[in-house]
Amino acid sequence: QVVVVESGGGLVQPGGSLRLSCLVSRTMFSIYDVGWYRQTPGKQRELVAQITHDSRTDYEDSVKGRFTISRDNAKNTVFLQMNSLKPEDTGVYYCNAVRLFPTRADDWGQGTQVTVSS
């Protein structure tokens, strides 16, 4: 079954913006921590931004001040607002939703392509 679905990727010019969405089809979504990862050919999958169940956030240094992660628990959705995009932001963006209790769960989406090109 499909548990995590990303959307919102596309082709944009440098300096442009995109908003990615991650829909998590799990009960008790509010207890999940959610991260956005980026994968580029030849590189490891890299954590770009994360938001905890209690809405604490963290960002990879290169996106600080440009990206904002947020969540809407009523919609079972996490967003990644991406502003001032650079070519080096290009990659496939994956959403990961995890919980530790009452049992461990770890679900990945299929990814959404973001291409920043002039």
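As a basis for the values below, the full set of heavy atoms in this structure was taken, side chains included, without hydrogen atoms, waters or symmetry mates.
A distance of 10.0 Å separates CG in L20 from CD1 in I69, rounded to the nearest 0.5 Å. How far CG of D61 is from OH of Y59: 13.0 Å, rounded to the nearest 0.5 Å. Rounding to the nearest 0.5 angstrom, the gap separating the CZ atom in F67 from the CD atom in Q81 is 9.5 Å. The distance from atom SG of C22 to atom OH of Y93, rounded to the nearest 0.5 Å, is 14.5 Å. Taken from CD in E46 to OH in Y94, the straight-line distance is 14.0 Å, to the nearest 0.5 Å. Put simply, CE on M28 and CD1 on I31 are 5.0 Å apart, with the number rounded to the nearest 0.5 Å.
Of the possible polar contacts, none joining the R71 side chain to the V34 backbone as a donor-acceptor pair under 3.5 Å is found. Formation of a donor-acceptor pair under 3.5 Å by the Y32 side chain with backbone atoms of D106 is not found in this model. Using a distance-only test at 3.5 Å, with no hydrogens or angles considered, a donor-acceptor pair links the side chain of E6 to the main chain of C95. The closest donor-acceptor contact from the side chain of N76 to the backbone of F29 lies at 3.5 Å or more, if one exists at all. Using modelled atom types, no side-chain atom of T112 and backbone atom of S7 make a donor-acceptor pair closer than 3.5 Å.
Between D107 and R26 there is a salt bridge, since at least one side-chain N of the basic residue sits less than 4.0 Å from a carboxylate O of the acidic one. Look at D89 and R66 and you find a salt bridge, because one of the NZ, NE, NH1 or NH2 atoms lies within 4.0 Å of a carboxylate O, short of that distance.
Counting only heavy atoms from C-beta outward, the side chains of F79 and D72 approach each other to under 4.5 Å. Looking only at side-chain heavy atoms (C-beta outward), E88 and T90 stay at 4.5 Å or farther from each other.
When every heavy atom of R38 is checked against every heavy atom of V48, the shortest pair comes out as CB-CG2, 3.6 Å. Across all their heavy atoms, G9 and V114 have their closest contact at CA-CG2, 4.2 Å. Residues L47 and E60 share a closest heavy-atom pair of O-CB, 3.5 Å. Among all heavy-atom pairs drawn from V4 and A97, the shortest one is CG2-CB, 4.4 Å. Contact detail for G91 and T40: the closest heavy-atom pair is CA-OG1, 4.2 Å. The minimum heavy-atom distance linking V92 with G111 is given by the pair CG1-CA, 3.9 Å.
When only modelled atom types and interatomic distance are considered, N83 and S17 share a side-chain donor-acceptor pair under 3.5 Å. Counted by atom type alone, Q113 and T115 present one or more donor-acceptor pairs between their side chains at under 3.5 Å. Checked by atom type, the side-chain pair R45/Y37 shows no donor-acceptor distance below 3.5 Å.
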Problem - Steps toward side chain to side chain contact (heavy atoms under 4.5 Å, CB included) verdict (S117, Q13) - result: CA-CA 5 Å; S117 176; Q13 301 296 310; 5.9 Å; no

Practice task
Evaluate the criterion side chain to side chain contact (heavy atoms under 4.5 Å, CB included) for residue pair W36 and I51; output intermediate values, then yes/no.
Solution key: CA-CA 9 Å; W36 282 99; I51 186 165; over 6 Å; no

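Environment of CD in Q110: sparse, with no more than 12 heavy atoms of neighbouring residues, nucleotides or ligands closer than 6.0 Å.
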